[in-house]
Amino acid sequence: MKKTTLLNPALSALVARCGHFDEITICDAGLPIPANAERIDMALSPGVPDLLSCIDAILSELQLQSVTLAQEIIDINPQVHQQILERIAQEQKLCGRHINIIYISHDAFKLQSHNSRAIVRCGECSPYANVIFSCGVPF
């Protein structure tokens, strides 16, 4: 039995397969996911699990290099935006290095998500509640 927070075998395997600069998208229930993308669907019902729960579980095992957000989240979903920033700040303290935060338009975000190793869909139902994690290395 695993000791870390991340118990979902598909998510844990995804993190284990990733290399430096690979990307993982964690998205709300509405983000379009290309048919050819690896899709890990965590959504059970509206809000379950929420985006932040999925972020927390993945960050229990993933080393971050950078985070990409849609710039629209700043004005349209400031509460979730702030909670994401708090988690990134916490990760910076844990790993002892800077984690870049990049803002792009939502349309550009959707296009960039197509390059992800996998897209993790949660039950989040608030606007622009999506992140792209670029993987770092722990050394």
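Heads up: numbering here begins at 1 and tracks the sequence. Because only heavy atoms are used, hydrogens play no part in the values below, and waters and symmetry mates are left out as well, while side chains stay in.
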Novice: Treat each ILVMFWY residue as a node, draw an edge where side-chain heavy atoms are under 4.5 Å apart, and state whether Ile84 and Ile74 are in one component.
Specialist: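 In one cluster with Ile84: Ile74, yes.
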Novice: Roughly how far apart are Ile88 CD1 and Lys93 NZ, rounded to 0.5 Å?
Specialist: 13.0 Å
Novice: Testing the 3.5 Å rule here: is there a donor-acceptor pair between the side chains of Thr25 and Ser116?
Specialist: yes
Novice: Please identify which of these residues, Leu51, Asp41, Val48, Leu44, meets the side-chain contact (heavy atoms from CB on, under 4.5 Å) condition with Cys122.
Specialist: Leu51
Novice: Does the pair His81 and Tyr103 meet the rule for a ring pair (Phe, Tyr, Trp, His ring centres under 6.0 Å), with working shown?
Specialist: CA-CA 11 Å; His81 177 241; Tyr103 293 92; 5.6 Å; yes
Novice: Applying side chain to side chain donor-acceptor pair (under 3.5 Å), run through His98 and Asn100 and close with a yes or a no.
Specialist: CA-CA 6 Å; His98 179 73; Asn100 292 323; 3.1 Å; yes
Novice: Is the shortest side-chain heavy-atom distance between Glu23 and Phe133 below 4.5 Å?
Specialist: no
Novice: If you take all heavy atoms of Ser113 and Ile119, which pair is closest and at what distance?
Specialist: O-CD1, 3.7 Å
Novice: Can you find a heavy atom in the side chain of Arg39 that is under 4.5 Å from one in the side chain of Arg121?
Specialist: yes
Novice: Where is the tightest heavy-atom contact between Cys125 and Gly47, given as atom of each residue plus distance?
Specialist: SG-N, 4.2 Å
Novice: Could you tell me whether the side chains of Ser53 and Asp50 share a donor-acceptor contact shorter than 3.5 Å?
Specialist: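 Present: a donor and an acceptor within the cut-off.
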Novice: If only side-chain N and O atoms count, and only distance matters, is there a donor-acceptor pair under 3.5 Å linking Gln63 with Glu91?
Specialist: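 Checked: Glu91/Gln63 side chains show no N/O donor-acceptor pair below 3.5 Å.
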Novice: For a 4.5 angstrom cut-off between non-hydrogen side-chain atoms, does Leu14 reach Cys18?
Specialist: yes
Novice: Leu62 and Leu69: same hydrophobic cluster, using ILVMFWY side-chain contacts below 4.5 Å?
Specialist: yes
Novice: So which heavy atom on Ser105 is nearest to which on Glu72, and how close?
Specialist: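 Closest heavy-atom pair between Ser105 and Glu72: C-OE1, 3.7 Å.
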Novice: Shortest non-hydrogen contact from Ile26 to Cys54?
Specialist: CG2-CB, 4.0 Å
Novice: Linking I/L/V/M/F/W/Y whenever any side-chain heavy atoms sit under 4.5 Å apart, do Val131 and Ile102 land together?
Specialist: no
Novice: Would you indicate whether the side-chain heavy atoms of Ile40 and Glu38 approach each other to under 4.5 Å?
Specialist: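 Result yes, sub-4.5 Å side-chain heavy-atom pair found.
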Novice: For a quick check under 3.5 Å, do Ser12 and Glu61 share a side-chain donor-acceptor pair by atom type?
Specialist: yes
Novice: Pair Leu52, Arg87 - check side-chain contact (heavy atoms from CB on, under 4.5 Å), show working.
Specialist: CA-CA 9 Å; Leu52 299 168; Arg87 281 157 172 82; 3.9 Å; yes
Novice: Calculate, to the nearest 0.5 Å, the distance between atoms NZ and CG belonging to Lys110 and Asn130 respectively.
Specialist: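 Result: 10.0 Å between the selected atoms.
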Novice: Where do Phe109 and Thr68 come nearest, in terms of heavy atoms and distance?
Specialist: CE1-O, 3.4 Å
Novice: Any donor and acceptor pair, going by atom type alone, linking the side chain of Asp28 with main-chain N or O of Leu31 inside 3.5 Å?
Specialist: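 Such a contact is found between Asp28 side chain and Leu31 backbone.
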Novice: Looking at side-chain heavy atoms only, is the closest gap between Cys27 and Ile33 below 4.5 Å?
Specialist: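 In short, these two side chains touch, coming nearer than 4.5 Å.
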Novice: Are Leu7 and Leu11 connected in the hydrophobic side-chain network, where two residues link if heavy atoms are under 4.5 Å apart?
Specialist: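 Unlinked, Leu7 and Leu11 end up in two clusters.
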Novice: Do Val120 and Leu111 share a hydrophobic cluster (ILVMFWY, side-chain heavy atoms under 4.5 Å, transitive)?
Specialist: no
Novice: Report yes or no: does Gln92 contribute a side-chain atom to a donor-acceptor pair with the main-chain N or O of Ile99 at less than 3.5 Å?
Specialist: yes
Novice: Just by distance, do the side chain of Asp22 and the backbone of Cys135 share a donor-acceptor pair under 3.5 Å?
Specialist: no
Novice: Distance check, rounded to the nearest 0.5 Å: His20 atom NE2 versus Ser134 atom OG?
Specialist: 6.5 Å
Novice: If you measure from CG on Asn8 to CG on Leu6, what distance do you get to the nearest 0.5 Å?
Specialist: 6.5 Å
Novice: Are Leu59 and Leu64 packed together at the side-chain level, in the sense that at least one heavy-atom pair is separated by less than 4.5 angstrom?
Specialist: yes
